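Working notes for the structure below.
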Amino acid sequence: MSCSLLEFCRLQELKTVRDYLFHTQKTEPVEERNQTDNELSWDTSDWESAWDSGNNKEEEAASASVEDSMGQSGPWMQDCVVSLSPCSDLLVVAREQKVVFLSAKWRTDDSGKEEMTLAVSWTGTLSTEEGECVSSCICIPLASQKRSSTGRPDWTTLCATLSFSTNGVLLLAQLLHEDPVLRLKCRTYEIPRHPGVTEQHEELSILYPAALVTIDGFSLFQSLRACRNQVARAAAAGSDMIQPPPLAYKKWGLQDMDTIVDHSSVGVMTLCVFDQMKNASILGGFNASVKGSPPAMSQYVTVGGGPYTGFYYAVEGSSQPLLSHVALAVASKLTSALFSAASGWLGWNRNKNEEEAIQKQKPKVEPATPLGIRFGLPDSRRHGESICLSPCNTLAGVTDDFGRVTLLDLARGNAIRMWKGYRDAQLGWLQVPEEQSDWEFSMSASLQQRVRRHALFLVIYAPRRGILEVWGMQQGPRVGAFTVGKHCRLLYAGYRLMGVNSVTSQGWRLHTQQVCLLDPITGALRTVNIPFHLALSDKKCERAKDMHLLKRLTAVLRSREVEPDILESEGKSVLLDIKHPAIKKQALESLLSNKNAPVSSLINITSALYDTLKQHDPNEVDAVLGQLCSSQLKLLQLYTDIQQLHSTADREDSLEDMKDELSRVGPTLQRYAQFTSRPSVSFAQDSPDSPLPAHAFLSQIECGEDGQLKVIRGSETEWNQLGNFLFWGCLCGKSPLHKVCDTLQQAGISPQQLLSLLLSVWLQREKEVLQKPEETVRNLHTLFIVLSNMKGAVEESWDPQSVSPWWQQVRSTCIQSHNAAAALLAAFIAHRAAKASISSRADSILHSLWEAVSLELEQWVVCVRQLEDVLVLQTLLLVPPPQGAAGSSAAHCSIKTLLEGGTGGIADSVSKWVFRHNLAPERLKEILQKKEDKEADEKPEQSAGEEAQEEKSQEDRDRQFSDCSSKHCSLCFADLLVAVCQRFPHSLTPDLLFAHCCWEYVVQWNKDPEEGQYLCLAVEHLKLVSSPHIQLGISAMMWSTFIVKRFSAAAYLMEKVGKAPKDRLCRRVSLIYDDANAQPFPPHLTSVLFFVTQADSAVEEIPAPELSVEEVWCGAEGPASIAELALEQRGVHYPLVQHHCLLGSLLHAAMTFSLKVKPLSLFDSKGKNAFFRDLTSIQLMPSGDMDPGLISLRQEFLLRVLTSWVQAIDDTSSSATGTSSIPLPSSGPKADWWPSVCLELGSLLQVNPDILRRHLVCELYNQGLDLRAEEVMLEVEDKDVLGSQLLVLTGQRLSYSLLHSQSQTQAAMELLARLPPTLCTWLKAMDPSELRCPLVPLVQTSRLVGRLIEILPENHAQYSLALHLLEAVEALTTED
């Protein structure tokens, strides 16, 4: 009923075409051009296969590559000349001198359907002289002369300045003008549709920059046929050829126009007397003479510039046709050279000299006959680009450089319409005949052509916007628009078969495509299909009238303010007035799918239409339409009945025994309801209380052929809306349960679908159910009983000892539901109903008083227990986290998700909850310890068979849980966690929970490495795991999965830059983990390795733990838990772990103190190769004495670490006062454990620890930290060397006090004069600038000199100097 794009053909080997046309030009080998010609035969298949084989050889020989810039989907076809035959049997793509022929072939696709394709049939070069290229080409199909022809072309020729056949054989070569060819246009014979219309002759027009050549179609047709026959004969026998008849053409020199880029030959026309007199008076003035009869003239319209459009008229008889001599050339499949490009016919066998002499002759070019412009459309700024003539020769579309498309009236010579916004537009015309009615098929073909009306449409393709539009002529609207690619080509021929006349066309049905759209990306050829009625303005056309009525009804339905009475009357009148059944069905469906139409109006309209259809003859009524009316009336009546039943209510008997179960789970449900009833944002239209519209009800239920109704399962929202409409009133007690169920049963809906709808609404509206649990539970129990008693619900042959599909459906729904409370209540009720049903069946069958025990009841017991566990777990997960805590929204669990999560699914859910609440590991340990202590104190002494005591214990847990429900959520989550752990004693053991929490935190750290506290908490949780087996496995998994890649990245990055990297580089490898503490390398990475070594040593002493799950959860199927994976890990290689710990400590020190070092350079080749390997592998480790140079580098690094640590602590204020030093922090650069770490590293790196201690003592004294230095001095072994070092430091202090201090006293000067010359000279040689803290009290210096006297032996060379220093310091101290 509307416009459409239909694909009728597809191009094959598009890549081959592109590669060939855009190959780099190369000279073909001479050997391929001098092959024998005896293989050429005239049979069509032989010609095609021969040319194909020759083409393959030529392609295999070529080695040029396709340009890199030309992609498969790029606009490569825009640079080519493309022409499609109107019969769609040949497509030509040319670029420069190269051309590719694609011929139509039929093939069968994978589905067995036949489709037409265009495949490459010939490739070659068309140029005859150097520098020639193809500027325009057209494919002209030639009609067959056989009487049995039905309109298909005999063969197709290509006109591209030269003339070629479909096999690439050159037929004609004619030089008509010495300028380049701009455009080729063709006009073929058309049967006149009206009497009096001038019959147009066939013609080929060639446009040059200043000339126009028109070749008579009949002459061209005969010449091409003769040339083709002569080529075939010459190819078969090699004999000389007979000269064919010459071409008859006219050559006009177009004047009075600056530039011409395109043209259209309108054809022969005759003016009326008025137009003749008007033109004569304009051209000849007042005294012009007028002939008695208007002359016949050929009209030519050109576009370009100055003027924008020009109209030329050539009077018939004013110029005699020119007879030209054409040159015949034959190109065999192996020879592509032309025998001649000059005029005259040449023989086949000529020697080379004769051929060269003839080629040098210049062909004769006839002069053009001047033709002045009659008038034009002047626009100095506008330049035309193309013109497209309509099939009726009365209109033309013109494009210009302003992006406009202008519609010209060629009879009046003016522009009648203009479109803007179509830059680089491509035009085409489509002439659509009117559809034939039954009586028209009995008429002759010629009469059909004259009687049928035709509609004209203009097709515009705008490549800049990628849109194809169809416009009605002349002032019609846009009737179609399609979004297509931006690189397509609109192919419009404007002609049909050549060689057809009024006699030969009788009885022909020409199969031609008028407009085709070629998509170079997909290779699809599509044609535009336009219904004729889109151009109709006749009110008597039934189809157009029906479409108008349908549009009017659609407009009424879209209006929201229409009254119901008006809608009903309008709908009735429209449906009854529409004649076509298909349109009537479409109108009825639109009416029934409208949201605003009242149900009463829909029933009245559908009933009126159905009554009208029943009054007609059944054979004349469309069966589909009648069935649609009947089924929709039935559905509307069901919808009305249920609505009416919801307005009344009845009371059901209460179930006293359900109160016990509700009271038992009541506290749990109350606590669960507190968390689920929190306010949330929702849209009004999504509210479950909104009424179900009639159109939604009709769209979800369909009526079968047998009259039974079937519910269509759509989206979850639609399914819940339908269930809410049917059963929520019953659950609330507002509707009679039995009447509603009876109505649904009589309608024919299956009990299984009704049960599914009931469970969906029950689970969806969990919040409302928990507000009135007793009432809703009672009503749900009644509905279960009523639905299970329906026919087809529970099979009559069901054995109570097997599982019932009916109750299994309820269990499956509860197992999959995330609404734990509603699912538990439904399981309670279904369990009770199933138990009653089984008991009644057992009584009727066995007539026994024994209680029936069946597999069905056992499964219900397990399901209820699982749902109770899930309810407690879900209540814990719903506890809101504190404000500012990280993590996503609360997780929802069900029996299915927990079972699919494997044996660790429960612990994984709790670990995610711990992460959301940011629960500290010590706090979690306290909660779990509290649970264990409580179980130890209150453990009941019961035997395995004392079920009563077990039930009492369960009630105590529920009562404890109810006490928790009265507290605030932030205060009672500990009790909730304890209750969950009691529910899952095996799945939530402390070790399992700590292991999962550790893994959850390390996973979150891996997602966001800058959150270093996650890794810290992961290590803390790992520390609390008591089992060394699990601790070892978790540590190894953390190292291999998350840590080793960042560890190696840090090491290689520092090795590359030679120092601690900056923030930017750290972020690139995700090293910075804590901006608040500004620690670029986490020490917890090495802590993980420490746990590996610690756990590895304890594994052999303690047996591996046995993991188990609860009995009701033993059916878990899914991935193994973290603990199970940890136990499966292999043992580690201890030396390799210690080797990595060593590197981690070095990296930590270098990044903490920002030291320049290449960490991997501190190890030999064996040590480097062992890094970042699997900890379980055996690697070749460094052993024996190291290279002294390597040890020197290690010693230098450790000394710098100690120096940096001393500078970092810098608590000179405390040491200056003589008090004890302030305690150092436990982490960071000021941590008190850095000296011990350096000493331990020194022992591992073969560095003398005493050197490190002496250096630390000197650095502490240098910093003024004398008290700390004295503590370290006790551990130094080589006192002599230390004494010599401290003697120099003491001299620097005394030199600063006596010689360099700005506050020198007279007593100090006098003392300096009394000093021995040796001491004085030595003090002057000291450099106090090396001291970082020169202002040290004399008391500390005196104490230092005392220490020197103690550690230096009397025979030491500098012992006397130390005594002099002691005297000088004591003298200064006495004077102060």
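Just so it is clear, the model here is predicted, and its values are computed rather than measured.
- If you check the side chains of Y313 and Q299, you find a donor sitting under 3.5 Å from an acceptor.
- With hydrogens and angles disregarded, a donor-acceptor distance shorter than 3.5 Å links the side chain of Q475 to the backbone of I416.
- The salt bridge (Lys or Arg N to Asp or Glu O under 4.0 Å) contacts involving residues 391-405 comprise R382-D400, where partners must be two or more places apart or lie in separate chains.
- Sorted by first and then second residue, the salt bridge (Lys or Arg N to Asp or Glu O under 4.0 Å) pairs with a member in residues 422-431 read D424-R464; sequence neighbours excluded.
- Using modelled atom types, no side-chain atom of R95 and backbone atom of D79 make a donor-acceptor pair closer than 3.5 Å.
- For the pair S83 (side chain) and C139 (backbone), a donor-acceptor distance under 3.5 Å is present.
- The 12-atom threshold is not exceeded at CE of M277, counting heavy atoms of other residues, nucleotides or ligands nearer than 6.0 Å.
- Heavy-atom contacts from other residues, nucleotides or ligands closer than 6.0 Å to CZ of F402 number more than 12.
- Judged purely by atom type and a 3.5 angstrom limit, Y249 has no side-chain atom pairing as donor or acceptor with the backbone of L176.
- For the pair D275 (side chain) and L271 (backbone), a donor-acceptor distance under 3.5 Å is absent.
- Contact detail for R489 and Q78: the closest heavy-atom pair is CD-OE1, 3.7 Å.
- Taking both residues in full, the closest heavy atoms of E202 and G499 are given as OE2-N, 2.9 Å, listed atom of the first, atom of the second, then distance.
- Taking the six-membered ring for Trp and thresholds of 30 and 60 degrees, W252 and Y300 have ring planes inclined between 30 and 60 degrees apart.
- For F221, there are no ring pair (Phe, Tyr, Trp, His ring centres under 6.0 Å) partners, not counting sequence neighbours.
- A 4.5 Å side-chain heavy-atom check between V301 and I387 finds at least one atom pair inside the cut-off.
- In this structure a side-chain-to-backbone donor-acceptor pair under 3.5 Å is missing from S85 to L90.
- Contact annotation: the side chain of V99 never approaches that of V93 to less than 4.5 Å [non-hydrogen atoms, C-beta and beyond].
- Looking at Y422 and E469, their side chains do bring a donor and an acceptor atom within 3.5 Å of each other.
- Atom OG1 of T369 sits about 9.0 Å away from atom CG of L371, to the nearest 0.5 Å.
- For the pair S136 (side chain) and R183 (backbone), a donor-acceptor distance under 3.5 Å is absent.
- Q200 places a side-chain N or O within 3.5 Å of a backbone atom of V268 that can act as its donor or acceptor partner.
- Annotation: cation-pi geometry not satisfied between R478 and F457 (NZ/CZ under 6.0 angstrom from ring centroid, within 45° of ring axis).
- Checked options L518, L468, V484; the residue passing with R526 is V484 (criterion: side chain to side chain contact (heavy atoms under 4.5 Å, CB included)).
- Of all heavy-atom pairs between C516 and L84, the closest is SG-CD2, 3.7 Å.
- The closest side-chain donor-acceptor pair between T399 and S386 falls under 3.5 angstrom.
- Looking at D262 and K185, a side-chain N of the basic residue comes within less than 4.0 Å of a carboxylate O on the acidic one, giving a salt bridge.
- Side chains of H383 and T259: a donor-acceptor N/O pair is absent below 3.5 angstrom, by distance only.
- A donor-acceptor contact shorter than 3.5 Å links the side chain of S135 to the backbone of V181.
- With Y20 as the aromatic partner, K98 meets the cation-pi criteria of under 6.0 angstrom to the ring centre and within 45 degrees of the ring axis.
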